[in-house]
Protein chains: 2
Amino acid sequence: MTDPDTVPEPAPETLPDSAETSDRFAQARTAQSVALLEDYVELIGDLIAEHGEARITDLAQRMGVTHPTVTKAVARLRREGLVISRPYRGVFLTDSGAAMADKVRARHRTVVSLLVALGVPPETAELDAEGMEHHVSEVTLQAFEAYLARQG
Amino acid sequence: MTDPDTVPEPAPETLPDSAETSDRFAQARTAQSVALLEDYVELIGDLIAEHGEARITDLAQRMGVTHPTVTKAVARLRREGLVISRPYRGVFLTDSGAAMADKVRARHRTVVSLLVALGVPPETAELDAEGMEHHVSEVTLQAFEAYLARQG
DNA sequence: CAAGTAGTGTAGCCTTGGCTACATTCCGCG
DNA sequence: CGCGGAATGTAGCCAAGGCTACACTACTTG
Ligand SMILES: [Mn+2]
Ligand SMILES: [Mn+2]
Ligand SMILES: [Mn+2]
Ligand SMILES: [Mn+2]
């Protein structure tokens with residue numbers, strides 16, 4: 001490891017073009033791995049606002065999956081510190097979960113608004129935004145907001 | 001199945017609000033399941049254009065994954081009829097694979113162009129587009145193109 | 001032409017996110 | 001109060017998409 005004979009990283013001035021490319025794909029993969037968590041916390045927040053609690057069955061219905069799938073997802077959300085839950089009781093957001101829900105909900109609205117502003121029909125905008133939103137970086141989000149602001 | 005006693009779909013006028021919601025998530029899941037295939041065929045097309053062939057190692061490097069991961073992906077691409085390949089030979093696109101590659105490449109460029117037109121820095125646009133593109137429907141894509149056209 | 005290295009294949013492991021089937025708990029109502 | 005159905009938990013299956021370790025093939029090059 002510390003052998004001075006080993007070439008110590010030539011520090012290439014011109015990065016091979018595949019380096020940036022692979023970073024791009026890596027970033028998309030990372031975004032995908034948090035996408036489901038984001039959708040769940042947003043939905044849990046919505047259900048709590050509507051009904052005071054988020055039940056497994058309601059989550060399953062709204063997500064369009066079966067209840068064991070939700071149970072597994074909730075286990076992961078717990079591990080990530082985004083929710084708390086006790087058996088046969090509902091699911092509730094932690095502070096960090098609530099913070100994520102707020103950010104995700106705002107971003108969702110911005111993405112939908114942008115698409116609509118560009119002439120996409122509202123139903124289509126809603127459908128596309130549900131997937132796109134998770135790949136919209138902070139910088140891009142601000143560009144969206146700036147555009148919406150100067151449109152009025 | 002053909003029993004006339006069974007209620008033949010009440011055809012609810014007002015769909016329950018969770019039905020549309022679950023469809024939205026279902027669509028996002030479907031888009032995600034084809035995202036990787038799309039990125040692979042686009043990349044395979046690029047490599048063939050550059051080097052006359054797409055090798056497993058080059059794909060692995062550009063995707064930022066290891067070569068067994070690529071081998072598995074290629075097996076799925078074969079199953080889906082998008083590529084042909086023989087052991088120790090490169091990977092090549094079928095007609096339908098080439099058609100998908102063309103569509104995906106054009107869509108990728110449109111999404112990047114739109115982001116840049118909205119003021120997103122090119123590097124960020126490239127990063128975000130890599131994930132977003134797979135959730136951009138035909139309708140939304142045309143809205144993007146229309147916007148770019150009237151911008152000039 | 002024969003090594004040796006680079007490329008490829010294969011086996012087997014893990015996590016995520018789906019599912020079905022079955023067991024258990026909870027709760028509202030008779 | 002207690003019972004039955006709805007909600008929840010749990011077990012176990014599958015496919016996809018990552019990985020490492022190891023085996024084998026092919027190509028370059030001395
Ligand atoms: Mn979403
Ligand atoms: Mn959303
Ligand atoms: Mn992509
Ligand atoms: Mn792309």
Side-chain angles (χ1 to χ4, degrees), chain A residues 16 18 22-41 43-44 47 51-80 82-92 130-131 134, chain B residues 16 18 22-41 43-44 47-48 51-92 130-131 134:
Chain A
S18 61
S22 60
D23 284 353
R24 229 167 65 204
F25 290 119
Q27 172 143 333
R29 284 194 298 269
T30 300
Q32 194 49 42
S33 85
V34 296
L36 202 75
L37 300 180
E38 291 182 341
D39 284 334
Y40 269 102
V41 295
L43 184 50
I44 290 167
L47 287 171
H51 306 121
E53 62 176 351
R55 326 244 313 164
I56 297 285
T57 297
D58 297 337
L59 287 167
Q61 187 175 358
R62 297 280 258 270
M63 292 293 296
V65 296
T66 58
H67 85 264
T69 297
V70 172
T71 300
K72 273 193 190 175
V74 168
R76 187 173 165 217
L77 289 165
R78 287 187 58 137
R79 254 184 292 136
E80 308 269 349
L82 295 168
V83 308
I84 54 178
S85 67
R86 290 183 3 246
Y88 295 100
R89 294 299 127 112
V91 182
F92 298 91
E130 198 58 78
H134 308 285
Chain B
S18 61
S22 59
D23 284 352
R24 229 167 66 206
F25 291 119
Q27 172 145 330
R29 284 195 297 270
T30 299
Q32 193 49 43
S33 85
V34 295
L36 202 74
L37 300 180
E38 292 181 341
D39 284 335
Y40 268 102
V41 294
L43 184 48
I44 289 167
L47 286 171
I48 290 174
H51 304 121
E53 62 175 350
R55 326 242 314 164
I56 298 285
T57 298
D58 297 337
L59 287 167
Q61 188 175 357
R62 297 281 259 270
M63 292 293 294
V65 297
T66 60
H67 86 265
T69 298
V70 172
T71 299
K72 271 195 192 175
V74 168
R76 188 173 165 217
L77 289 165
R78 287 187 58 136
R79 253 184 293 136
E80 308 270 349
L82 296 167
V83 307
I84 55 176
S85 67
R86 289 183 5 246
Y88 295 101
R89 297 296 129 113
V91 182
F92 299 91
E130 197 59 76
H134 309 284

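Here is the naming used below: chain letters follow the sequence lines, and residue numbers restart at 1 for every chain. We use all heavy atoms of the structure for the numbers below, so side chains are in, but hydrogens, waters and symmetry mates are not.
Residue-level contact check: Thr66(B) touches the bases, meaning some heavy atom is under 4.0 Å from a base atom.
One finds the CZ atom of Arg62(B) at 5.0 Å from the CG atom of Leu47(B) (value rounded to the nearest 0.5 Å). Within the model, atoms NE2 of His67(A) and NZ of Lys72(A) stand 12.0 Å from one another, a figure rounded to the nearest 0.5 Å. Once rounded to the nearest 0.5 Å, the distance linking CD of Glu130(A) with CG of Asp23(B) reads 11.5 Å. The line from CG of Leu59(A) to CG of Leu43(A) is 5.0 Å long, rounded to the nearest 0.5 Å.
Between Ile56(A) and Gly64(B), it is Ile56(A) whose nearest contact on DNA chain D lies nearer the 5' terminus. Each of Glu80(A) and His67(A) has a nearest nucleotide on DNA chain C; the 5'-most of these lies closest to Glu80(A).
The side chain to side chain contact (heavy atoms under 4.5 Å, CB included) check on Phe92(B) picks up Ile48(B), Glu53(B), Ile84(B), with sequence neighbours excluded.
The distance from atom OH of Tyr88(A) to atom P of dT24(C) is 9 Å, rounded to the nearest whole Å. Rounded to an integer number of Å, the gap from NZ of Lys72(A) to C1' of dT8(D) is 16 Å. Distance, His134(A) NE2 to dG17(C) P: 12 Å, rounded to whole Å. Rounded to whole Å, atom C1' of dG17(C) lies 9 Å from atom OH of Tyr40(A). Here dT25(C) presents its P atom at 16 Å from CZ of Arg86(A), a figure rounded to the nearest Å. Between the CZ atom of Phe25(A) and the C1' atom of dG17(D) there is a distance of 15 Å, given to the nearest Å. One interatomic measurement links the two molecules: CZ of Arg29(B) to C1' of dA16(D), which rounds to 15 Å at whole-angstrom precision. Protein atom CG of Asp39(A) is 16 Å distant from nucleotide atom C1' of dG18(C), rounded to whole Å.
Thr69(B) has a side-chain polar atom (N or O) that falls below the 4.0 Å cut-off from OP1 or OP2 of dC19(D). Contact annotation: Arg76(A) side-chain N/O to dG17(C) OP1/OP2 distance is under 4.0 Å. Between Thr57(A) and dT8(D) there is a side-chain N or O to OP1 or OP2 distance below 4.0 Å. Taking side-chain N and O atoms only, Arg79(B) has a distance below 4.0 Å to OP1 or OP2 of dA16(D). An OP1 or OP2 oxygen of dT8(D) is reached within less than 4.0 angstrom by no side-chain nitrogen or oxygen of Thr71(A). Contact between the side-chain N/O atoms of Arg55(B) and the OP1/OP2 oxygens of dG7(C) is not found at any separation under 4.0 Å. The shortest distance between the side-chain N/O atoms of Arg89(A) and the OP1/OP2 oxygens of dC27(C) is below 4.0 Å.
For the helix from dC1(C)-dG30(D) to dG30(C)-dC1(D), the terminal axes (five pairs an end, C1' atoms, rotation from four pairs onto the next four) enclose an angle of 0°, given to 10 degrees.
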Distance-only donor-acceptor hits, side chain of residues 25-32 of chain A, under 3.5 Å, sequence neighbours excluded:
{"unit_1": "Arg29(A)", "atom_1": "NH1", "unit_2": "Met63(B)", "atom_2": "O", "d": "3.1"}
{"unit_1": "Arg29(A)", "atom_1": "NH2", "unit_2": "Met63(B)", "atom_2": "O", "d": "3.4"}
{"unit_1": "Arg29(A)", "atom_1": "NH2", "unit_2": "Gly64(B)", "atom_2": "O", "d": "3.3"}
{"unit_1": "Thr30(A)", "atom_1": "OG1", "unit_2": "Ala26(A)", "atom_2": "O", "d": "3.1"}
{"unit_1": "Gln32(A)", "atom_1": "OE1", "unit_2": "His135(A)", "atom_2": "NE2", "d": "3.4"}

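Paired with Val70(B) under the rule side chain to side chain contact (heavy atoms under 4.5 Å, CB included), one option of Leu77(B), Val91(B), Val65(B), Thr57(B) passes, and it is Val65(B). Between Leu82(B) and the options Val74(B), Val41(B), Ile44(B), a side chain to side chain contact (heavy atoms under 4.5 Å, CB included) holds for only Val41(B).
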